[in-house]
S.K.: 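First, the structure itself, so that you have it in front of you.
Atoms within each ligand, like the ligands themselves, are counted from 1 in listed order.
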Amino acid sequence: MSERPFNFSAGPAALPEEVLNQVREELLDYRGSGMSVMEMSHRSPEFIEIAEAAEADLRALLGAPDDYRLLFLQGGATTQFAAVPLNLIDGKAVADYVETGSWSTKAIKEAGRYCNVNVAATSAAEGFNQIPPFDAWRLDSAAAYLHICGNETIGGVQFHSYPDCGVPLVADLSSELLSRPIDVTQFGLIYAGAQKNIGPAGLTLVIVHEDLLGRAAAHTPAMLDYAVQAKAGSMSNTPPTFAWYVAGLVFKWLRSLGGLAGIAARNEAKAGRLYDAVDTSNFYHSPVVEADRSLMNVPFTLADPRLDAAFLEGAKARGLTNLKGHRSVGGMRASLYNAVPEAAVTALVDYMNDFERESA
Ligand SMILES: *Cc1c(COP(=O)(O)O)cnc(C)c1O
């Protein structure tokens, strides 16, 4: 259909080509309205319909029960690092956090501005290459909630099951939400910036149990108060309308592929093939403990880092883009979000095999 390169960006990341084409078709005149969604009032009947359909499709995809509120907010996951303690600390002194990589470290630092943080477990000493085993976590019995980062986008470490800890479990699922089925009822609150696996930057999803609403600290900015946003239908001010619309198209695309079970099967196949290629070679190496590897972000290194630049250049020449690892860890990283097709992984694995042979 097109000659676009395969985009392995960690975020903002690839969007489904079908969705981009639909956006293009509807860009100047959204369904006979005579205007773009970008030019429409968020209170217009057209946009209200877009917003409600997106919420209903998201609820259906996740199987989220009615006692969870789905919020379409701004500010990115980073703003949620502050919003979570402001809303959930609820007069208590301490919250539990588990540290598994760069993003959970940032969440801990920001939460420390609003409450005491008990770092219940950390894999810092192991270079963040694993999830600390649940039975070694030192939870504080007075904690208001427990925060984890479900998928560390930079380190490529992912939870494949979640602990049951007796307090609300709060998860940053920015780089994995909608990549596979989850049981929403295991969580008190989930948040995710859209630009990894959901839609354009500018939209942040918050999925919150209604029992956690209305407990925000008095000095919480109204824009960050989940109860205020839930009451206003995420429209206490102008929401990110265009990003909301595009995310809604992504939700419909996912439903057409068999929902989260359908996309999960594809994602497992993609990641499986890439890890196989890494594991069966002596030239490529995965730094992450096998049981905790991410299906979304696959970091790998070359046996000789002096070949990194040549690897990236050759990849680009074959239409394989954005494979450079995060500056904090080096090496390579292939992000295999929902919109990255299986053909992209085929092309990457073929290239890796060729590059290894030529470098031997
Ligand atoms: C990208 C990312 C963030 C930061 O998201 P912003 O939307 O840029 O604030 C936080 N957590 C995780 C896991 C991420 O992947």
Side-chain angles (χ1 to χ4, degrees), residues 7-15 71-86 95 97-113 117 122-124 128-131 145-160 162 169-180 182 187 189-207 221 223-224 229 234 239-240 242-244 246-247 250 267 271 288 292-299 322 324-329 333-340:
N7 181 5
F8 296 96
S9 172
L15 283 164
L71 307 180
F72 290 70
L73 306 178
Q74 307 192 48
T78 305
T79 299
Q80 294 307 311
F81 294 166
V84 164
L86 282 165
Y97 278 69
V98 174
E99 190 184 37
T100 49
S102 309
W103 288 116
S104 47
T105 302
K106 288 196 169 133
I108 286 166
K109 190 160 175 241
E110 184 71 2
R113 296 159 57 93
V117 172
T122 175
S123 54
F128 294 131
N129 72 345
Q130 60 189 273
I131 305 293
Y145 61 90
L146 166 64
H147 180 281
I148 62 169
C149 176
N151 183 64
E152 289 281 1
T153 318
I154 293 173
V157 173
Q158 186 171 23
F159 282 80
H160 293 291
Y162 302 104
L169 178 61
V170 176
D172 176 1
L173 299 188
S174 291
S175 49
E176 70 155 285
L177 190 65
L178 305 184
S179 69
R180 55 178 179 172
I182 51 167
F187 302 91
L189 186 144
I190 294 166
Y191 61 92
Q195 71 273 21
K196 313 293 168 56
N197 204 33
I198 295 166
L203 171 69
T204 310
L205 297 181
V206 171
I207 298 150
M223 280 292 293
L224 301 190
Q229 290 286 10
S234 307
F242 196 72
W244 191 331
V246 178
V250 171
N267 288 334
V288 180
D292 301 326
R293 287 177 176 174
S294 169
L295 298 178
M296 290 285 100
N297 310 98
V298 181
N322 288 317
K324 194 174 177 8
H326 192 268
R327 60 187 184 278
S328 63
V329 293
R333 172 178 48 170
S335 294
L336 307 180
Y337 299 126
N338 291 345
V340 174

S.K.: Distance only, no hydrogens: is a donor on one side chain within 3.5 Å (strictly under) of an acceptor on the other, for Glu152 and Thr100?
M.R.: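 Distance-only check passes for Glu152 and Thr100.
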
S.K.: Which residues pass the side chain to side chain contact (heavy atoms under 4.5 Å, CB included) test with His160, sequence neighbours left out?
M.R.: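 Per chain and number, His160 pairs via side chain to side chain contact (heavy atoms under 4.5 Å, CB included) with Gln158, Arg180, Leu295.
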
S.K.: Taking side chain to side chain donor-acceptor pair (under 3.5 Å) as the cut-off, I'd like each qualifying pair that reaches into residues 75-84, sequence neighbours left out, listed once.
M.R.: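 Those involving residues 75-84 are Gln80-Tyr226.
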
S.K.: Pick out the protein N or O atoms lying less than 3.5 Å from any N or O of ligand 1, and list each pair with its distance.
M.R.:
{"unit_1": "ligand 1", "atom_1": "7 (O)", "unit_2": "Ala77", "atom_2": "N", "d": "3.2"}
{"unit_1": "ligand 1", "atom_1": "7 (O)", "unit_2": "Gln195", "atom_2": "NE2", "d": "2.9"}
{"unit_1": "ligand 1", "atom_1": "8 (O)", "unit_2": "Gln195", "atom_2": "NE2", "d": "3.4"}
{"unit_1": "ligand 1", "atom_1": "9 (O)", "unit_2": "Ala77", "atom_2": "N", "d": "3.2"}
{"unit_1": "ligand 1", "atom_1": "9 (O)", "unit_2": "Thr78", "atom_2": "N", "d": "2.9"}
{"unit_1": "ligand 1", "atom_1": "9 (O)", "unit_2": "Thr78", "atom_2": "OG1", "d": "2.5"}
{"unit_1": "ligand 1", "atom_1": "11 (N)", "unit_2": "Asp172", "atom_2": "OD2", "d": "2.6"}
{"unit_1": "ligand 1", "atom_1": "15 (O)", "unit_2": "Thr153", "atom_2": "OG1", "d": "2.4"}
{"unit_1": "ligand 1", "atom_1": "15 (O)", "unit_2": "Lys196", "atom_2": "NZ", "d": "2.6"}

S.K.: What heavy-atom pair brings Ser174 and Gly193 nearest, and what distance separates the two atoms?
M.R.: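 Residues Ser174 and Gly193, closest heavy atoms: OG-N, 3.2 Å.
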
S.K.: Tell me every residue that passes ring pair (Phe, Tyr, Trp, His ring centres under 6.0 Å) with Tyr337, counting only those two or more places apart in sequence or in another chain.
M.R.: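 For Tyr337 there are no ring pair (Phe, Tyr, Trp, His ring centres under 6.0 Å) partners, ignoring immediate neighbours.
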
S.K.: Over all heavy atoms of both residues, which pair between Ser328 and Ser102 is shortest? Give the atoms and the distance, please.
M.R.: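 Shortest heavy-atom contact: OG-OG, 4.5 Å.
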
